[in-house]
Amino acid sequence: QAAKRAKEVGVRKTVGAEKSSLIFQFLTETGILIFLTILLSLGVAHYFVPSINELTDKAIEIPFGNPFFWGILLGFGGLLTLLAGLYPSFVSSNFKPINALKNNFSTRFSHEKVRKGLVVFQFVLSAILIISTIIVSNQIHYIKNENFGLNRNNIIHFNLPNSLKDKYQPLKDKLMANAAVTQVLKTSDLPTDIGSIGMGYSWDG
């Protein structure tokens, strides 16, 4: 895209613009665009956070009042500005005025393969994120709505302290003495805890 502004660069150099001022201009334009994008992204994220919290049963919030949060955003925006704007600004500022005005300049900096490769990478990344979101959403829906063969309402679970592990039966008797308690059981893991470990296994052949 920098090559498309060659005539502008040629005119500005002809009237005395220095290379440093051109680089500063392109970096400033890139920075403004990136920081506007970050602000827009924050607005979109803030709008969708309640829906995400409802879907995942979490309490995620954007810490707008935290100076450290804004410091990270500013640093991230500055880094993006350098990554996105530094190379094109140097390329643009190096155009020779006479060649730029005659459209007789090298376009080796705007290879189609690089641009197409970046576009393909962006769409692949987007597809991966969309597919991952759908999978996670389906898994959350399964956990929240699938019939596991038990009534999940009014169930309380807690980790048993080591001091009570050998006194489980007296604890159960005490709890069962409460009219509000209908059943008590002890288990090594919750039904929703899924994991596996294996070592030293071998199969014939």
Side-chain angles (χ1 to χ4, degrees), residues 34-84 117-205:
I34 284 173
F35 279 102
L36 286 175
T37 305
I38 289 175
L39 291 176
L40 178 63
S41 302
L42 278 176
V44 173
H46 181 67
Y47 178 79
F48 281 107
V49 158
S51 301
I52 294 171
N53 285 338
E54 184 179 351
L55 176 67
T56 60
D57 198 22
K58 298 293 182 183
I60 301 169
E61 61 179 19
I62 302 175
F64 288 113
N66 189 341
F68 183 68
F69 170 74
W70 290 106
I72 290 176
L73 275 187
L74 286 173
F76 182 65
L79 179 62
L80 278 181
T81 300
L82 292 176
L83 291 175
L118 289 172
V119 171
V120 170
F121 172 75
Q122 180 179 343
F123 276 101
V124 168
L125 195 61
S126 299
I128 291 173
L129 290 173
I130 291 170
I131 292 170
S132 300
T133 302
I134 293 172
I135 291 173
V136 170
S137 176
N138 289 339
Q139 290 294 315
I140 292 173
H141 181 270
Y142 175 82
I143 291 173
K144 293 178 72 173
N145 299 290
E146 190 67 17
N147 181 11
F148 292 127
L150 56 89
N151 184 358
R152 292 179 289 182
N153 295 321
N154 302 317
I155 293 178
I156 298 174
H157 71 85
F158 59 90
N159 292 326
L160 201 62
N162 289 327
S163 58
L164 291 177
K165 286 185 177 178
D166 295 333
K167 302 174 182 177
Y168 167 68
Q169 193 58 45
L171 175 64
K172 179 177 180 179
D173 294 339
K174 285 259 188 184
L175 291 171
M176 289 299 295
N178 189 321
V181 178
T182 58
Q183 186 58 269
V184 177
L185 63 86
K186 180 175 69 172
T187 180
S188 59
D189 294 284
L190 292 174
T192 52
D193 288 342
I194 302 173
S196 64
I197 185 170
M199 298 176 64
Y201 297 122
S202 62
W203 286 266
D204 291 339

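Worth saying up front: this structure is predicted, and the values here are computed from it rather than measured.
Heavy atoms of other residues, nucleotides or ligands lying less than 6.0 angstrom from CD of E61 number 12 at most. Applying the 6.0 Å contact sphere to OH of Y168 captures more than 12 heavy atoms from other residues, nucleotides or ligands. Within 6.0 Å of CG on N178 lie more than 12 heavy atoms contributed by other residues, nucleotides or ligands. Around the CG atom of N154, the shell of radius 6.0 Å holds no more than 12 heavy atoms that belong to other residues, nucleotides or ligands.
Here T182 contributes atom OG1 and I155 contributes atom CD1; the two are 9.0 Å apart, rounded to the nearest 0.5 Å. With rounding to the nearest 0.5 angstrom, the CD1 atom of I130 is 10.0 Å from the CG atom of L125. The structure places CG of N159 at 8.5 Å from NZ of K165, a figure rounded to the nearest 0.5 Å. Distance CD/E146 to CD/Q139: 11.0 Å, rounded to 0.5 Å. To the nearest 0.5 Å, atoms CG (L42) and OG1 (T37) are separated by 11.0 Å. The distance from the CZ atom of F35 to the OG atom of S41 is 12.5 Å, given to the nearest 0.5 Å.
Closest of all the heavy-atom pairs between L164 and L160 is O-CD2, 4.0 Å. Heavy atoms only, all atoms of each residue included: I38 and G77 are closest at CD1-CA, 3.8 Å. The shortest heavy-atom contact between M176 and V184 is SD-CG2, 3.7 Å. Taking every heavy atom of both residues into account, L55 and K144 meet most closely at O-NZ, 3.9 Å.
The aromatic rings of F64 and F69 sit perpendicular, their planes meeting at an angle over 60°, well past the 30° parallel limit.
Of the candidates I135, I128, L129, I134, I128 is the only one forming a side-chain contact (heavy atoms from CB on, under 4.5 Å) with S132.
Within the 4.5 Å cutoff, side-chain heavy atoms of D173 are placed close to those of Q169.
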